[in-house]
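Written below as structure tokens is the structure these notes are about.
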Amino acid sequence: MDIKEMADREKYTPKAIESKWQTRWQEDGLYRSKVDWSKPKHYALTMLPYPSGDLHIGHWFAMTPSDARARWMRMRGYNVLFPMGFDAFGLPAENAAVQRGVHPAKWTWANIERMRGQLRTMGAMFDWEREMVSADPSYYRWTEWFFKQFFQNDLAYRGEAMVNWSDALQTVLANEQVIDGKDERLGQPVIQKMMTQWFFRYRRYADEMLNFENIDWPEKIRAMQTNWIGRSEGARVTFHTEHGHPLDIFTTRPDTLWGVTFMVLAPEHPLVQKVTTPAQKAEVDAYIEFTATQTEIERTAEGKDKTGVFTGGYAVNPVNGAHVPIWIADYVMITYGTGAIMAVPSGDQRDFEFARKFGLEIIPVIQPEGVSFDGATMEVAYADAGYMINSGEFDGTYSNGDKGRKNPAISQVIDWLEAKRYGKEEVNYRLRDWLISRQRYWGSPIPVVYTEDGKIEAVPDDQLPVVLPEDIDFQGMTGNPLGRSPSFLNTTDSKGRPARRETDTMDTFMCSSWYHLRYLSPHYQAAPFDPEEAAYWLPVDVYTGGTEHATMHLLYTRWFNKAIRDLGVFNDAAEIMARNGRNPEILLDEPMLLLRNQGQVLGAERNGDVVVVTGQREGGQLIARRIEVLPQEDARTLERLAAAGETLPYPREDNRVVGEIVKRTENLLTIADLTRGGELQPVEVPDSAQITIPGIPGTNTVNQLKHHLEVQRMSKSKGNVVNPDDLVSAYGADTVRAYLMFGFDWEKGGPWNDDNIQGVVRWLNEVWDMIMAGPVAGMGDAEAARQAERKVHQAIKKVSDSLENFSFNTAVAALMTLKNELRPLAREGKLTGEAWGEAMRDMLLLMAPITPHITEELWAALGLPYSIHQQLWPEYDADKAAETMTTLVVMKNGKPIDRVAVPVGIGEADAKAAALASEGAKRVLNSSQPQRVIFIPGRAGGAAGAEPKVNIVL
RNA sequence: GGGGGAGUGGCGGAAUUGGCAGACGCGCAUGACUUAGGAUCAUGUCUCGUAAGAGGUGAGGGUUCGAGUCCCUCCUUCCCCA
């Protein structure tokens with residue numbers, strides 16, 4: 001080995017060591033996870049990626065901290081399962097086929113291959129032998145099987161429904177996939193269409209899904225799911241038309257029934273034709289036609305102008321016999337409740353606005369004490385607590401503003417309605433059944449056939465999976481691709497007669513609703529999962545991923561789990577569980593016990609140009625004559641001077657503005673003027689203005705001026721994508737991992753920032769140098785050894801607590817602090833070889849989950865036995881972490897005024913005496929007597945703020 | 001309009017039960033070593049003040065010996081739902 005090589009060896013070169021250890025770990029099966037009932041299990045799961053072709057920095061941000069935590073659990077003695085796979089069905093593959101002529105399967109598998117390689121560079125402890133790919137027939141065989149289970153047990157049905165149809169995607173979408181009337185993928189308009197589709201009985205588990213008692217999920221997700229399910233308690237009440245047709249409505253406010261002054265039907269309501277009078281018919285028909293062009297969002301937007309048409313018909317209110325006009329209006333949805341509402345304008349703002357617009361009567365029925373409402377003069381609806389009025393025998397009953405039976409007025413009215421048979425108590429949900437049909441190719445087939453006589457038959461189990469055909473031409477075709485494959489389409493039914501296959505495929509959320517089960521035994525043939533594995537590993541202990549799945553994946557997967565539990569799919573596993581002393585009653589109700597969401601890494605912020613604008617004042621704004629963009633260095637210098645409050649080379653002048661462009665709208669610039677303390681200044685740029693930009697010769701235009709960009713999602717078109725591969729080759733995986741954990745609040749995320757990574761680079765270099773330098777010969781010092789031990793144990797506590805709480809940034813900070821503490825001790829030769837070795841050893845162990853490669857390399861360099869990742873987490877010892885001396889903080893009225901060194905655990909009397917004797921106390925007391933002296937004892941652990949305090953109250 | 005977050009230095013961000021606000025890091029400043037420095041090392045770095053000291057966590061009020069943390073009012077902002 002020559003000198004250069006030796007020098008290189010002494011430097012930390014991640015590239016050399018990372019692939020070496022990754023290969024070794026894989027060869028040794030270091031991360032294989034096997035059932036072992038003698039050890040406690042821990043199933044850590046992070047949401048699987050869609051194989052779009054390239055790993056994104058967001059994947060690293062989601063996965064590597066989860067990996068660190070899984071590794072930490074493993075070091076604590078848990079048998080950890082941390083699998084990875086691919087959510088491989090979906091539209092992008094099909095789009096690639098259409099656009100580039102690549103078969104979706106080919107495109108998908110090539111991407112998977114590429115992403116596997118990228119995932120490996122993370123150095124995560126994924127057990128690749130448990131990998132699953134949802135587009136693999138060995139996987140979707142069981143997706144189909146689950147569909148059959150649902151189909152055969154009345155959880156899946158074919159139904160006619162108004163669906164969201166995307167012309168751009170040529171398929172229907174679930175409500176969750178439609179945002180503001182547009183599809184969430186392309187942002188193209190979605191229209192309403194009546195179609196026959198496959199549904200799952202999503203509502204069947206609505207109430208159970210509202211219960212989060214036994215799971216630790218973020219408040220935010222629970223709120224979103226609760227909101228999405230939208231349970232409302234109330235009553236169904238039957239009105240009748242004047243012709244005697246029953247007309248059911250659902251209301252959450254039966255206590256306001258006496259205030260009904262009109263009814264509103266959805267334009268699609270079947271009774272509309274029956275109640276419409278000949279005189280109104282033309283107007284009604286025209287309105288119905290108009291409504292059909294509106295999206296649901298447009299129809300229900302709260303601020304919008306109310307529209308509607310009188311049908312000419314009347315309904316009879318059962319509670320008081322009143323005849324009220326029947327209207328139709330687009331804000332009533334045929335899909336919600338009964339498609340008809342009773343309108344109580346005095347108690348509902350939308351009804352109120354409608355009534356005012358069309359001159360309908362308003363009758364107040366709930367009135368707070370001390371107020372007297374008059375329907376003719378009310379200005380807004382009143383929906384809060386009050387006493388019932390104008391309500392017959394219920395007058396004077398108190399309605400407390402609550403919903404459902406918690407409101408005594410509602411409760412009494414419901415009982416009364418039921419006794420009189422006018423209506424009955426009912427619960428309604430916003431949640432609609434799960435629409436799973438997609439008119440696409442690249443998804444799991446729906447294993448049913450249509451017989452000649454129009455019956456639906458499930459494909460027998462021994463014929464599963466129904467495999468996607470290969471002979472599809474994707475280019476230039478519209479409509480459902482499977483319908484174009486005769487080999488697929490034509491089949492036979494159970495009696496051997498010709499039959500036609502279902503050509504819809506399943507929503508990919510179906511695939512991702514059970515992937516955590518397939519990881520348990522991806523090669524198992526007899527069932528979707530091996531009950532022996534399930535009994536041990538289930539449920540998922542920690543699930544991490546993004547909030548964007550709150551009402552979709554995370555709600556679907558809960559539904560799926562409950563449905564298959566009730567179908568007995570878990571029965572064998574439950575039995576084995578019980579035999580091993582685990583309680584299946586609770587453990588199999590929910591798929592994931594604990595959920596945590598990471599935030600999003602956003603594109604880097606971009607600075608705007610710093611400009612010097614001269615021109616003429618006109619009113620508040622400057623009309624530019626000349627705009628000069630400053631070169632980068634000058635701009636930075638200027639900003640630095642301004643930040644430091646120093647004199648700028650440009651004094652403040654009325655006809656000049658100097659600063660960064662923070663916004664530009666057409667020809668109007670907004671500039672944070674440095675000569676005016678950053679105050680925002682509007683600057684108008686006429687075409688005649690002379691603009692100079694360094695490096696761009698010739699005439700420049702206002703369009704070339706760069707304004708400060710908002711922090712935003714990374715995307716190729718915005719040119720702000722951070723490529724993890726580039727980062728890894730520049731810094732190494734350990735640095736990227738540690739930086740992602742250190743530089744952000746993990747649950748929050750934030751804009752990417754290149755500069756801050758330097759801190760992590762220095763940290764790892766210093767750790768490397770410190771250990772490679774070996775112990776420095778010197779006099780071993782007992783106090784120094786004690787100090788090293790103390791700092792190590794304080795770090796054990798801090799790092800453990802941080803990882804436990806997903807507070808990855810403070811875990812890294814604690815490790816950096818430990819390095820800072822140990823380094824002078826090591827360098828000055830104050831530690832014996834033994835004390836040094838112990839401290840380095842523990843420091844590496846604490847770092848191992850976060851930076852697995854460098855720690856493995858240094859572990860080996862210390863001559864310790866392979867592998868560091870099979871070692872136990874150092875045990876925290878509070879005695880060893882304890883300090884002997886601490887700082888007593890002397891305060892005056894809660895503000896620190898002095899500090900005194902005192903022994904840890906100082907008693908109240910001693911502390912007070914020491915405090916009163918301090919210089920600071922003498923000064924503030926000035927020989928007067930304090931009113932009160934309060935002692936706050938120190939806390940254990942050596943954390944900040946744990947010191948004892950004495951507060952002197954003057 | 002309803003629900004859930006968030007607001008702390010130039011920046012990313014810390015701060016168990018109310019108990020030294022600004023850990024850790026970036027950046028910056030000064031110095032050292034260098035042919036050189038976008039390397040490394042040392043020191044400093046909330047604001048005002050030469051200092052003693054005073055002030056300080058979006059604004060205002062309250063509870064408390066003591067509030068970033070609890071309560072009330074308001075402002076800004078992000079997300080979800082309508």
Looking at [X], I'd like to know whether one of its side-chain N or O atoms comes within less than 4.0 Å of OP1 or OP2 on [N].
X: Arg222(A); N: rC80(B); value: no
X: Arg350(A); N: rG1(B); value: no
X: Arg762(A); N: rG25(B); value: no
X: Arg923(A); N: rA52(B); value: no
X: Asn756(A); N: rC24(B); value: no
X: Asn951(A); N: rG19(B); value: no

Check this for me: does the side-chain of [X] come within 3.5 Å of the base of [N] through a donor and an acceptor?
X: Asp755(A); N: rC26(B); value: no
X: Arg899(A); N: rC20(B); value: yes
X: Gln758(A); N: rC26(B); value: no

- prompt: Aromatic rings Trp746(A) and Phe61(A): how do their planes relate, parallel, tilted or perpendicular, breaks at 30° and 60°?
  reply: tilted
field: Chi class for rG5(B): syn within 90° of 0, otherwise anti
entry: anti
field: Cationic tip of Arg558(A) above Trp217(A) ring, under 6.0 Å, 45° of axis
entry: yes
query: Taking the six-membered ring of Trp60(A), is the NZ or CZ of Arg737(A) close enough (under 6.0 Å from the centre) and on axis enough (within 45°)?
result: no
field: Which nucleotide in rC11(B), rC80(B), rA82(B) has an atom nearest any side-chain atom of Asn753(A)
entry: rC11(B)
